[in-house]
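Here is the structure we will look at, set down as structure tokens.
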Protein chains: 2
Amino acid sequence: MNGQQFQALAELFSAFSDASRLKIIASLSAGEKNVGTIAQEVDLTESATSHHLRGLRQMRLVRGRKEGRMVFYSLLDEHVEQLYRIGKEHILHG
Amino acid sequence: MNGQQFQALAELFSAFSDASRLKIIASLSAGEKNVGTIAQEVDLTESATSHHLRGLRQMRLVRGRKEGRMVFYSLLDEHVEQLYRIGKEHILHG
DNA sequence: GGAATATTTGAGCATGTATTCATATATTGA
DNA sequence: TCAATATATGAATACATGCTCAAATATTCC
């Protein structure tokens, strides 16, 4: 692991380091959803939700599938759920 | 998972969301070390290292064992290395 | 084309964070 | 006791981050 790789790893964990984004990830772990639905479920404005989704998309943790005027987001990678699940275990029975 | 739990989980991941702290964790995954040694290995001042170790200690991710005037730190929990390892895999072969 | 709906974008602001510097505390050994 | 060493602490600062608000873009339906 060189300096850049440590930086990249820090950025990966940063994606999980906010309660709103974790709620989004938790919501998407139940299946793909469009932005408005996510926003409602996690209790954020659609703008804030969209900003978070952009970050998650840039980190390649979610992907968006456009259908009509809606965009359906889903988790992109098994590691995403794996990290979420292990962290959750640590919190709940740690 | 309620709001407080999402917040706690976010704080857990925040501990991993900084390259310097990840280097400290990586260094400690090879075994316990005192502050000066860690500082040297991860190329931080001892003060900055100590600040980070305090945070990690408060999160119960590391513990310090005092021996004379040195304090030897080590990883506290299997989840710490597990999270680090899975994140690393994601970065390296993701 | 024009209204309605869904999402995105960028600026601005308030809050959080990592580091540095100076200093404090604790321990050892002369 | 005094100097030297190891670590911790608190204030200050520079930078990052999350949210809001207003506005832009894209799509559908009339």
Side-chain angles (χ1 to χ4, degrees), chain A residues 3-4 6-28 31-74 76, chain B residues 3-4 6-28 31-74 76:
Chain A
Q4 281 212 338
F6 275 112
Q7 190 54 48
L9 186 49
E11 280 164 26
L12 171 64
F13 281 117
S14 295
F16 292 81
S17 72
D18 175 76
S20 297
R21 276 193 301 275
L22 287 174
K23 286 179 196 168
I24 290 174
I25 289 169
S27 165
L28 291 181
E32 73 168 12
K33 304 201 174 94
N34 72 310
V35 178
T37 303
I38 300 167
Q40 221 177 320
E41 284 194 12
V42 308
D43 195 31
L44 280 178
T45 64
E46 293 176 0
S47 175
T49 305
S50 182
H51 278 295
H52 282 305
L53 287 168
R54 166 150 74 155
L56 293 170
R57 216 169 51 221
Q58 284 172 346
M59 291 290 309
R60 300 191 196 287
L61 300 181
V62 305
R63 76 177 227 277
R65 180 178 64 81
K66 192 160 189 176
E67 186 178 322
R69 54 189 145 185
M70 297 190 193
V71 179
F72 288 87
Y73 281 89
S74 54
L76 192 58
Chain B
Q4 281 211 340
F6 276 113
Q7 189 55 46
L9 187 49
E11 279 163 26
L12 171 64
F13 282 117
S14 296
F16 292 80
S17 72
D18 174 77
S20 297
R21 275 194 301 277
L22 288 174
K23 287 178 195 167
I24 290 173
I25 289 168
S27 165
L28 291 181
E32 74 168 11
K33 302 200 175 100
N34 72 309
V35 179
T37 303
I38 300 167
Q40 222 177 318
E41 283 194 13
V42 309
D43 194 31
L44 280 179
T45 65
E46 293 176 359
S47 176
T49 305
S50 182
H51 278 296
H52 282 305
L53 287 168
R54 166 150 77 154
L56 293 170
R57 217 169 50 221
Q58 284 172 346
M59 290 292 305
R60 300 191 196 286
L61 301 181
V62 306
R63 76 180 229 276
R65 179 178 65 81
K66 191 161 189 177
E67 187 177 321
R69 53 190 145 186
M70 296 189 191
V71 179
F72 288 87
Y73 280 90
S74 55
L76 193 60

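A, B, ... follow the sequence lines: proteins, then strands. Residue 1 opens every chain. No experiment lies behind these values; they were computed from the predicted model shown.
We find that CZ of B:F72 is positioned 14 Å from C1' of C:dT27, with the value rounded to whole Å. In this structure, B:H51 places its NE2 atom 12 Å from P of C:dC21, rounding to the nearest Å. Rounding to whole angstrom units, CZ of residue B:R69 and P of C:dT27 are separated by 11 Å. Protein atom CZ of B:R54 is 8 Å distant from nucleotide atom C1' of D:dG10, rounded to whole Å. Spacing between atom CZ of A:F16 and atom C1' of D:dG18 amounts to 18 Å, rounded to whole angstrom units. The interatomic distance linking B:I38 (CD1) with D:dA8 (P) rounds to 9 Å, in whole Å. Counting to the nearest Å, the C1' atom of D:dC19 and the CD1 atom of A:I24 are 12 Å from each other. Rounding to whole angstrom units, NZ of residue B:K33 and C1' of D:dA6 are separated by 18 Å.
A:S47 places a side-chain heavy atom less than 4.5 Å from the side chain of A:H51. Annotation: side chain of A:L53 is not in contact with side chain of A:V71 (no heavy-atom distance under 4.5 Å). A:H52 places a side-chain heavy atom less than 4.5 Å from the side chain of A:L44. When side chains are defined from C-beta on, B:L56 does not count as touching B:L28, because their heavy atoms never get closer than 4.5 Å.
Checking D:dT20, C:dT8, D:dT9 against the side-chain heavy atoms of B:S50 singles out D:dT9 as nearest. With D:dA6, C:dA18, C:dT7 as the candidates, the nucleotide lying closest to the side chain of B:M70 is D:dA6.
Under 4.0 angstrom from either OP1 or OP2 of C:dA6 there lies no side-chain N or O belonging to A:N34. OP1 or OP2 of C:dT8 lies within a sub-4.0 Å distance of a side-chain N or O belonging to A:R57. Between B:R21 and the phosphate of C:dA18, there is a side-chain N or O to OP1/OP2 separation shorter than 4.0 Å. Considering only side-chain N and O atoms, A:T45 lies under 4.0 angstrom from the phosphate OP1 or OP2 of D:dT20. Put simply, A:H52 has a side-chain N or O that comes within less than 4.0 Å of OP1 or OP2 on D:dC19. Between C:dT17 and B:S14, no contact under 4.0 Å exists linking OP1 or OP2 to a side-chain N or O. Side-chain N/O atoms of B:K66 include one lying less than 4.0 angstrom from OP1 or OP2 on C:dT27. Under 4.0 angstrom from either OP1 or OP2 of C:dT7 there lies no side-chain N or O belonging to A:T49. Within the structure, a side-chain polar atom (N or O) of A:Y73 is placed less than 4.0 Å from OP1 or OP2 of C:dT8.
Here the options are B:R57, B:R65, B:R63, the test is side-chain hydrogen bond (donor to acceptor under 3.5 Å, both in side chains), and the partner is B:Y73; only B:R57 passes.
Side-chain N/O atoms of A:S47 and base N/O atoms of C:dT9 include a donor-acceptor pair closer than 3.5 Å.
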